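To start, the structure itself, in C-alpha cells.
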Amino acid sequence: MTNRQAAYPIHSVFTDRWSPRAFDAKPISQDQLMTLLEAARWAPSSFNFQPWRIVYAHRNDANWATLLAPLIPFNQMWAGNASVLMYFISDTLTHTGNPKEATASHSHSFDVGAAWAQLGLQATHMGLYAHGMTGVDFDAARTALKVPDRFRIEAAVAVGHKADPSVLLEGLRDKEVPSDRKPIAEFAFAGTFPVDG
C-alpha cells in the first residue's frame, strides 16, 4: 500500500506497484514463481505470437551467479538480495505458422513489455515486489544465458520481499519511496503529436 493518488479512478494495484531496491533475501516458492509467469503468459501480443522468453534463477540455486554477474555492479549490490532474478527476452522475428518464413517483428519489445507489466502487477497483488532494470552488460548476458542472435535481451528483473531501507547503503535509503508520475497532459495528445515533442 502506498500513498500515491491517481488522478482518475483505477484499480489500486496500479498505484501500489513500485520498484524498491531493498530486498530481504527470503525465498519465494516455485509455485509463487509459476503464478508470476502465468500472469506474464496471458499478456496480449501482435498476432498472438507471444515473443517473450524469460530466463530465471532462484536465489542460491545453481544458476543464480550466472544471472547476477551481467548486472552492473550497482545493481548487483542490491539485486543480490532478491529472491529471483529474471531476464526478459524478445524474439525479433515473427511468423504466422512457418518458421522458415519469419520476418522482422515491429512489436516484439512492445509485446514483451506487456508481459513484464502483467508479471509486475501480479507480484504486487501477491505482496511481492518486482524491479526491472536495464543496468546490464547485455553482451555478457547474451553470452552467459546463451541467447541466440535473433533474440533481444530487453531487461533484467529482481523479484522478492521488500526489506527495511536500512539494508541499503546510506545514499540509497532516502530514495526508497514510490515515485510519482507525469500528468496525463504531458504524454497523451488528441489528434497529432505535439510540435515541442
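Residue numbers count from 1 along this sequence. As the structure is a prediction and not an experimental result, all values here were calculated from the model.
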Should the heavy atoms of other residues, nucleotides or ligands under 6.0 Å from NE2 of His161 be counted, would the total exceed 12?
yes

What do you reckon, is NE2 of His106 surrounded by more than 12 foreign heavy atoms closer than 6.0 Å?
no

About how many Å separate OG1 of Thr134 and CD1 of Ile153, when rounded to the nearest 0.5 Å?
12.5 Å

How about Val157 and Trp116: do any of their side-chain heavy atoms sit closer than 4.5 Å?
yes

Any pair with a residue in residues 58-74 that passes side chain to side chain donor-acceptor pair (under 3.5 Å), sequence neighbours left out, goes on the list, sorted by first then second residue, please.
Gln30-His58

Heavy-atom nearest pair, Val112 first then Glu154, reads CG1-CG, 4.1 Å

Under 3.5 Å, is there a donor-acceptor pair between the side chain of Arg21 and the main chain of Ala79?
no

How long is the gap from CG on Asp164 to NZ on Lys162, to the nearest 0.5 Å?
7.5 Å

Do Val167 and Asp24 make a side-chain contact, defined as non-hydrogen atoms from C-beta onward lying under 4.5 Å apart?
no

Any donor-acceptor pair under 3.5 Å from Ser107 side chain to Phe110 backbone:
no

Met77 side chain near Leu172 side chain, heavy-atom distance below 4.5 Å
yes

Roughly how far apart are Arg181 CZ and Gln5 CD, rounded to 0.5 Å?
14.5 Å

Side chains of Ser46 and Asp111: does their closest heavy-atom pair fall under 4.5 Å?
yes

Can you see which heavy atom on Gln50 is nearest to which on Arg41, and at what distance?
OE1-O, 4.4 Å

Count the heavy atoms of every other residue, nucleotide or ligand shown that sit under 6.0 Å from CG of Asp174, and state whether that count exceeds 12.
no

Taking the side chain as C-beta and beyond, is there a heavy-atom pair between Leu37 and Leu119 under 4.5 Å?
yes

Short question: side chain of Ser83, backbone of Lys26 - any donor-acceptor pair under 3.5 Å?
yes

May I ask you to decide whether Arg173 forms a salt bridge with Glu176, counting only side-chain N to carboxylate O separations under 4.0 Å?
no

Do Tyr56 and Val159 come within less than 4.5 Å of each other through their side chains, counting heavy atoms only?
no

With the side chain counted from C-beta on, respond yes when Ser105 and Arg150 share a heavy-atom pair under 4.5 Å apart, and no when they do not.
no

Show your working on side-chain contact (heavy atoms from CB on, under 4.5 Å) between Asn75 and Val136 and close with a plain yes or no.
CA-CA 8 Å; Asn75 285 340; Val136 176; 5.6 Å; no

Could you measure the distance from the CZ atom of Arg17 to the OG1 atom of Thr124? Nearest 0.5 Å is fine.
6.5 Å

Parallel, tilted or perpendicular: rings of Trp78 and Phe23 (30°, 60°)
parallel

Taking only Lys NZ, Arg NE, NH1 and NH2, and the carboxylate oxygens of Asp or Glu, determine whether Asp180 and Arg4 approach each other closer than 4.0 Å.
no

Roughly how far apart are Asn48 CG and Thr96 OG1, rounded to 0.5 Å?
12.5 Å

Does Phe74, at its CZ atom, have more than 12 non-hydrogen atoms belonging to other residues, nucleotides or ligands within less than 6.0 Å?
yes

Is Gln122 close to Leu36 at the side-chain level, that is, under 4.5 Å between some pair of heavy atoms?
yes

Atom CZ in Arg152, atom CZ in Phe88: separation rounded to 0.5 Å?
14.5 Å

May I have the step-by-step check of side chain to side chain donor-acceptor pair (under 3.5 Å) for Ser29 and Asp31, ending in yes or no?
CA-CA 5 Å; Ser29 70; Asp31 283 347; 5.3 Å; no

